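This structure is a prediction, so every number in the text was calculated from the model and none was measured. For the numbers below, each heavy atom of this structure counts, side chains included, while hydrogens, waters and symmetry mates do not. Remember, it's 1-based here, ligands and their atoms both numbered in the order they're listed.
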Amino acid sequence: MTKLAIAGATGLVGRKMLETVDRKNISFDELVLFSSARSAGEEIEFQGKTYTVKELTEEAASEHYDYVLMSAGGSTSAHFSPIFEQAGAIVIDNSSQWRMVDDIDLIVPEVNEPVLKRKIIANPNCSTIQSVVPLKVLQEAFGLERVAYTTYQAVSGSGVKGRQDLSEGANGKAPEAYPHPIYNNVLPHIDSFLENGYTKEEQKMIDETRKILKDEDLKVTATCVRVPVQDSHSVHMSVTLESESSVQAIQQLFDNDGRVVLIDNPEQNEYPLAINATGKDEIFVGRIRRDDSLDNTFHVWCTSDNLLKGAALNAVQVLEQVMSLKGVR
Ligand SMILES: NC(=O)c1ccc[n+]([C@@H]2O[C@H](COP(=O)([O-])OP(=O)(O)OC[C@H]3O[C@@H](n4cnc5c(N)ncnc54)[C@H](OP(=O)(O)O)[C@@H]3O)[C@@H](O)[C@H]2O)c1
């Protein structure tokens, strides 16, 4: 008897989680959907049944669940994930709350596997997830020395409010999710600023990349930018490799590796686009070029759906991974 809960089921990511659980045929006997008091009572149709969303309370989290997909923000996770864990659940959390805690696994199934010292597993930052997969492919083949990221992140990365700021900003409405209008604008600011001048989002990419790729000495830097795009993040990576490579060798490697999809025909104007990544599970890479200003360094352009591979899909893949480790699937 497998009991599954989704906390934050009424959010952008939570709804995608439900779709993905369905699409991936995740088997469960009982499903419970949680939100805050605000949406509790809402009805959600799923696999031919009507589910009434429940308010997430300490009492509800103390019941036994086998698996909990948690997508309700950092402070909610900080409070409720340990309660679910204590009651025996494996919690897969989408927030940044647990990612850099030593005993917590930070997992992208194409790259690493949980060891489950704790029963909370962290889903990495959305831009990090889509980036570490092609980086892992390069790391295995050539070794990595340095990565410099610049991101172009969609507003759905900020949940329902981010989408509203873009759509209503077109009518002149003042922004709520961002400090400046995102409509017709580009914001070099995601999450709050740290003392070193970087934003938390940039620091997350740096720290999480090292943890997932198991290379504490990897040189990583990041600039994270919000762009007026509804869905799907684009990331530019400048990657310095340890051993000699070439544009052709990297293209061939990506083309032959099932973990990424290469689109790199500039003469036909074919390269990865955010608009084409939306609604897809894959991570797209292209525009592979040598950076002649640095030794053995290459540019990689990468797009993926931030709500799918960047959030819900990765979480459900982690769920499949732990279910198969435990022999449930
Ligand atoms: N959007 C992305 O691309 C993305 C990517 C990676 C990670 N994430 C992370 O995923 C999480 C959810 O993001 P989102 O984009 O889906 O946000 P969202 O659309 O704003 O949804 C937030 C969800 O959390 C619920 N919630 C809020 N406070 C709660 C509480 N105290 N108890 C129980 N439920 C609560 C909300 O319920 P109500 O409906 O009742 O408010 C809603 O279901 C966040 O931690 C976010 O950082 C998002």
What are the atoms of ligand 1, with element, lying closer than 4.0 Å to any heavy atom of Leu56? 33 (C)
Under 4.0 Å from one or more heavy atoms of Ser71, ligand 1 contributes atoms 10 (O), 11 (C), 12 (C), 23 (C), 24 (O)
At under 4.0 Å between heavy atoms, which part of Thr76 makes contact with ligand 1: side chain, backbone, both or neither? side chain
Please determine whether a side-chain nitrogen of the Lys or Arg among Lys3 and Glu63 lies less than 4.0 Å from a carboxylate oxygen of the Asp or Glu. yes
Would you compute the distance between atom CD of Gln321 and atom CD1 of Ile92 and round it to the nearest 0.5 angstrom? 9.0 Å
Ignoring angles and geometry beyond distance, decide whether Ser158 reaches within less than 3.5 Å of ligand 1 through its nitrogen or oxygen atoms. no
State, with a plain yes or no, whether a side-chain heavy atom of Ile129 is found less than 4.5 Å away from one of Lys309. yes
With a cut-off of 4.0 Å, which atoms of ligand 1 are near a heavy atom of Arg38? 38 (P), 39 (O), 40 (O), 41 (O)
Pairs of nitrogen or oxygen atoms closer than 3.5 Å, one from Leu12 and one from ligand 1: do any exist? yes
Return yes or no for this condition: an N or O of Gly310 is under 3.5 Å from an N or O of ligand 1. no
Looking only at protein heavy atoms, identify the closest one to atom 43 (O) of ligand 1 and say how far it is in Å. Thr10 OG1, 2.6 Å
One finds that the ligand 1 atoms under 4.0 Å from a non-hydrogen atom of Leu307 are 1 (N), 2 (C), 3 (O)
Hey, are Ser232 and Thr278 close enough side-chain-wise for a donor-acceptor pair under 3.5 Å? yes
When you measure from the side chain of Arg163 to the backbone of Lys161, do you find a donor-acceptor pair of N or O atoms at a distance under 3.5 Å? no
State whether the shortest distance between N or O atoms of Gly11 and N or O atoms of ligand 1 falls below 3.5 angstrom. yes
Polar-atom distance check: Gly73 versus ligand 1, any N or O pair below 3.5 Å? yes
Could you state the interatomic distance from CH2 (Trp301) to OH (Tyr271), rounded to the nearest 0.5 Å? 10.5 Å
Mind checking whether Asn306 has an N or O less than 3.5 Å away from an N or O of ligand 1? yes
Part of Ser156 within contact of ligand 1 (heavy atoms, under 4.0 Å): backbone
Taking the side chain as everything from C-beta on, heavy atoms only, tell me whether Arg15 gets closer than 4.5 Å to Ile44. yes
Which of the atoms in ligand 1, numbered in the order shown and given with their element, are less than 4.0 Å from a heavy-atom of Ala311? 5 (C), 6 (C)
Closest contact, heavy atoms only, Tyr178 versus Gly162: OH-CA, 3.6 Å
Other residues, nucleotides and ligands only: do more than 12 of their heavy atoms fall within 6.0 Å of CD on Gln252? no
Can you find a protein heavy atom under 4.0 Å from atom 46 (C) of ligand 1? no
So, Thr240 and Asn296: side-chain donor and acceptor under 3.5 Å apart, yes or no? no
